[in-house]
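One structure is given below, encoded as structure tokens.
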2 protein chains.
Amino acid sequence: MKQSNVDRVYTQLRGLAANFEFKPDARINESALSAQLGTSRTPLREAMNRLVAEGFLTFQSGRGFFCRSLSPSKVLNLYEARVAIEVEAVRLACKRASDENLKALIDDLERQASNSQAAEPETRLEQDEAFHMGVVRLSQNTELIRVLENLNERIRYVRLIYLKNRSQPTAMIPPAHRKVLDALVARDAETAAQAMRAHIGRQREDAAEAVRIAYSQLYVPNAGDFTEGTK
Amino acid sequence: MKQSNVDRVYTQLRGLAANFEFKPDARINESALSAQLGTSRTPLREAMNRLVAEGFLTFQSGRGFFCRSLSPSKVLNLYEARVAIEVEAVRLACKRASDENLKALIDDLERQASNSQAAEPETRLEQDEAFHMGVVRLSQNTELIRVLENLNERIRYVRLIYLKNRSQPTAMIPPAHRKVLDALVARDAETAAQAMRAHIGRQREDAAEAVRIAYSQLYVPNAGDFTEGTK
DNA sequence: CAAGTATAAATTGTATACAGCACAGTATTC
DNA sequence: GAATACTGTGCTGTATACAATTTATACTTG
């Protein structure tokens, strides 16, 4: 299955937007960006329209496309939405996950954790997301999976910044994750849901500070931006 | 704020897709459709890319755009996602809604209900959605609002079909809705959440049958379709 | 000097052209 | 007669051109 130019551009652009390589609220110059990506404005605009629908960009008629804004309240909303999705997903997973799939997930997470004592922040974030996505996949609900993927991508930048500045590496599955997994194995939906809610809630508490740190990182020196004319 | 051609086309197309005026899985001919809508393929494709991201259409590289499929499992997934969103939203609403906003919602729903004893299925669906969207809006979480709007639009067709075939009109707020609203007024998050979960769960039970009815409605005579060449 | 206005430059919005790919329908061969 | 190769038609993918709109710049005026 050959992927089209639009798909390629879409993926690249989502990466740029997710990492705020467009600064928050900055206007995006289509000509400059299309040249950057080695394509014309037509497929670029198609890709950007997808990203608008996904909440990575915004669009104003006649003025063009802009990077999404980054504000504490926006990020808190994303965390709350994660609670909604994941708490329900873990309930469904209790009912639906086969013992084999559940065991496969736990084994996978343990392998990942032990493989990386050195643990770059990127790696730790990857492992955390693997846990959360893994649980939601066990719910077997493609809609929940789809929404959480989107939420995670939009929240990733802030979480990464936070991990880089605060958290400590460990070589095992975090206790909070373990609690959820144990409840899943025991098919105890209520306990699993509570544990998941508490875990995300704790991450949420740090979000506001993480946004502050993110801002201080964003508006320093200047690594290339695509938001103004190329000259 | 002048809205662009893309926005207009996007809105029209979302309506068509939501009502399955493209048949499930049918391929969409861009030239024919752009002529239909009085525009060229460029803005049409931009609009369709947004709809792909929103789950109304699918896209296969080299083959074009297709209407989303309609299957019982897909619809069940949507109902489950609604549970996730709305149960959490009603919890947040308990904490955050002002007494005034809560009262305003209840008054509004009561007015709507009493205004329409004759109650077309369309009207009843509108009222049901007004309740659910109203509660989620009280959560003040734009992310939850956005996701639920999307879910509702994608589920609407099936629900409407079902209402047309089964349910009875009434001139008051349904008891299930009343229960949620009472719990909200009492700021009893747990009861409100349970009531909401039970209510949507009951709707969900009918979903499989609703899809069957929907199919029987879709593949009869033939009111104009845009899925094949215009001749 | 500030504010507003006119003019020029740049950028977006959309139509169109054309290359390349997918698919159907036809002919050919065993 | 069935299967396969071939050819033609139509559709999608993308670049480009140009009109319309917005933004920046320079100038004028109080």
Side-chain angles (χ1 to χ4, degrees), chain A residues 1-14 16-17 21-53 56-69 224-231, chain B residues 1-14 16-17 21-23 25-53 56-68 224-231:
Chain A
M1 181 182 287
K2 209 204 72 176
Q3 81 167 346
S4 85
N5 210 344
V6 175
D7 290 328
R8 185 179 58 77
V9 170
Y10 163 79
T11 307
Q12 289 184 47
L13 246 138
R14 196 180 50 186
L16 293 174
E21 301 188 27
F22 310 110
K23 294 220 173 80
D25 299 307
R27 179 168 166 177
I28 296 170
N29 185 316
E30 296 174 13
S31 313
L33 184 56
S34 65
Q36 271 282 342
L37 301 178
T39 186
S40 76
R41 283 174 57 220
T42 308
L44 173 63
R45 283 177 60 103
E46 292 188 9
M48 292 208 289
N49 271 286
R50 281 198 215 172
L51 293 166
V52 168
F56 287 98
L57 302 178
T58 63
F59 173 74
Q60 288 177 51
S61 183
R63 310 220 315 119
F65 295 89
F66 300 77
C67 184
R68 74 191 192 280
S69 60
D225 65 33
F226 310 91
T227 52
E228 290 302 334
T230 11
K231 44 180 165 10
Chain B
M1 180 183 291
K2 210 204 72 175
Q3 79 167 350
S4 85
N5 211 343
V6 176
D7 289 329
R8 183 179 59 76
V9 170
Y10 163 77
T11 306
Q12 288 183 47
L13 247 144
R14 196 180 49 186
L16 293 175
E21 301 188 25
F22 311 111
K23 295 221 172 80
D25 299 308
R27 179 167 166 177
I28 296 170
N29 185 316
E30 297 174 13
S31 313
L33 184 56
S34 65
Q36 270 283 341
L37 300 178
T39 186
S40 77
R41 282 175 56 219
T42 309
L44 172 62
R45 282 177 60 103
E46 292 189 9
M48 293 207 290
N49 271 285
R50 281 198 215 172
L51 293 166
V52 167
F56 288 97
L57 302 179
T58 63
F59 173 75
Q60 286 178 51
S61 184
R63 311 219 316 120
F65 296 88
F66 299 78
C67 185
R68 73 190 191 279
D225 66 34
F226 311 90
T227 52
E228 289 302 334
T230 11
K231 42 179 163 14

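Here is the naming used below: chain letters follow the sequence lines, and residue numbers restart at 1 for every chain.
- A/F65 comes within 4.0 angstrom of no nucleic acid atom, judged by non-hydrogen atoms across all strands.
- Residues B/S31 and B/R41 come closest through the heavy atom pair OG-CD, 4.0 Å.
- The one candidate from A/N49, A/L44, A/T42 that meets the side-chain contact (heavy atoms from CB on, under 4.5 Å) condition with A/E46 is A/T42.
- The nearest whole Å value for the distance from the CZ atom in A/F66 to the C1' atom in D/dT22 is 11 Å.
- In the set C/dG13, D/dT14, D/dT12, D/dT14 carries the atom at the smallest distance from any side-chain atom of A/N5.
- With hydrogens and angles left out, the side chain of B/T42 and the base of C/dT16 share a donor-acceptor pair within 3.5 Å.
- Taking atom CG on A/L44 and atom C1' on D/dT16, their separation rounds to 15 Å, with Å as the unit.
- A/F59 is linked by a ring-ring contact (aromatic ring centres under 6.0 Å, His included) to A/F65, counting only residues two or more places apart in sequence or in another chain.
- Rounded to whole Å, the distance from CZ on B/R27 to P on D/dG10 is 13 Å.
- Atom CZ in B/R63 sits roughly 12 Å away from atom C1' in C/dC21 (whole-Å rounding).
- Along DNA chain C, the nucleotide closest to B/R41 and the one closest to B/E46 are compared, and the more 5′ of them pairs with B/E46.
- A straight line from CD of B/Q60 to P of D/dT12 spans 12 Å, rounded to a whole angstrom.
- Between the CD atom of A/E30 and the P atom of D/dC18 there is a distance of 19 Å, given to the nearest Å.
- Contact check, A/R45 against C/dG13: a side-chain N or O comes under 4.0 Å of OP1 or OP2.
- Residue B/L33 contributes atom CG, which lies 13 Å from atom P of D/dC11 at whole-angstrom precision.
- Scanning for ring-ring contact (aromatic ring centres under 6.0 Å, His included) contacts around A/F56 gives an empty result, with sequence neighbours left out.
- One can place CD1 of A/I28 at 10 Å from P of C/dT12, the figure rounded to the nearest angstrom.
- By the 4.5 Å heavy-atom criterion applied to side chains, B/R50 and B/D7 are counted as neighbours.
- For B/T39 against C/dT14, a side-chain-to-base donor-acceptor contact under 3.5 Å is absent.
- Here D/dT12 is the nucleotide among D/dT12, D/dT16, C/dT12 with the atom lying nearest to any side-chain atom of B/N29.
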